[in-house]
Amino acid sequence: AQKVTQAQTEISVVEKEDVTLDCVYETRDTTYYLFWYKQPPSGELVFLIRRNSFDEQNEISGRYSWNFQKSTSSFNFTITASQVVDSAVYFCALSEASYNTDKLIFGTGTRLQVFP
Amino acid sequence: GAVVSQHPSRVICKSGTSVKIECRSLDFQATTMFWYRQFPKKSLMLMATSNEGSKATYEQGVEKDKFLINHASLTLSTLTVTSAHPEDSSFYICSAETGLNYGYTFGSGTRLTVV
């Protein structure tokens, strides 16, 4: 069965520190998508990235970077030089593309607090 | 981009009443919509998958008669919480697959409080 594990429940850092949020997934399928979302206190989900299972290239977008390792079933997210505005809950999610419903399964989330 | 509009954003209702939450896809057709529930400081739990013109598929443990889902058109899905009780108080979010690069788009959520 598909499952997403975010072992870090809460992380606190001081501004300008780098922080890595871990995500480990389980799936039976060879074709799947992995996602990261940010959920600020207002509740809406902000899309950060989608990566398909055939693309293992790491990605960098500004201060954000993602490391996808199929060998360890991990899709970790790093924020460089963190800022107070990065404070939010971050969710890693998985969808199995071969199923018609393509439902999205979320991890338990990591609450990141960045202090000034 | 594809936008899903969710209403209401907040609702307070009395125990025993029913509440309807609407999700509309504004600029695309959403054949499939997903409904999630989120308790405070918890993850999003998929409740059901709704397909236009057919019955919704509920996840294990979700009461079909309690959470009625209707997806009568390609742009509208509704979730009705029937005979609401305080334990139904939660944050409900809908989502639709867009076929675009980012995959899914989410509504802004509905915070339901049952008193």
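Source: prediction; values computed, not measured. Proteins get letters first, then strands, A, B, ... in listed order; numbering begins at 1 in each.
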For atom [atom1] of [X], decide whether the heavy atoms of other residues, nucleotides or ligands shown that lie under 6.0 angstrom number more than 12.
X: B:K64; atom1: NZ; value: no
X: B:K20; atom1: NZ; value: no
X: B:I12; atom1: CD1; value: no
X: B:K41; atom1: NZ; value: no
X: A:Q57; atom1: CD; value: no

Would a 4.5 Å heavy-atom cut-off, applied to side chains only, mark B:Y104 and A:Y33 as touching?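 No, their side chains stay 4.5 Å or more apart.
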
Using a 4.5 Å cut-off on heavy atoms from C-beta on, say whether the side chain of B:Y36 contacts that of A:L45.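 No, side chains not in contact.
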
Relative to chain B, which segment of A:Q39 carries a heavy atom at a distance below 4.5 Å: side chain, backbone, both, or neither?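 Side chain only.
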
Considering only heavy atoms and a distance below 4.5 Å, find which of A:Q6, A:R50, A:R111, A:E44 pairs most often with chain B.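 Highest number of heavy-atom pairs under 4.5 Å: A:R50.
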
With a 4.5 Å cut-off on side-chain heavy-atom distances among I, L, V, M, F, W and Y, is there a chain of contacts connecting B:L79 to B:L112?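 Yes, same cluster.
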
Co-membership, hydrophobic cluster, residues A:I105 and A:I49, 4.5 Å side-chain: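 No, because A:I105 and A:I49 fall into different hydrophobic clusters, even though each may have its own neighbours under 4.5 Å.
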
Please name the pair of heavy atoms, one in A:G43 and one in B:F91, separated by the smallest distance, quoted to 0.1 Å.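 That would be O-CE2, 3.5 Å.
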
Which atoms of B:Q38 approach chain A - backbone, side chain, both or neither, heavy atom under 4.5 Å: side chain

Which atoms of B:L44 approach chain A - backbone, side chain, both or neither, heavy atom under 4.5 Å: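 Both backbone and side chain.
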
Measure the spacing between OG1 of A:T108 and CE of B:M45 and express it to the nearest 0.5 Å. 10.0 Å

Determine whether a donor-acceptor pair (N or O, by modelled atom type, separation under 3.5 Å) exists between the side chain of B:S43 and the backbone of A:G107. yes

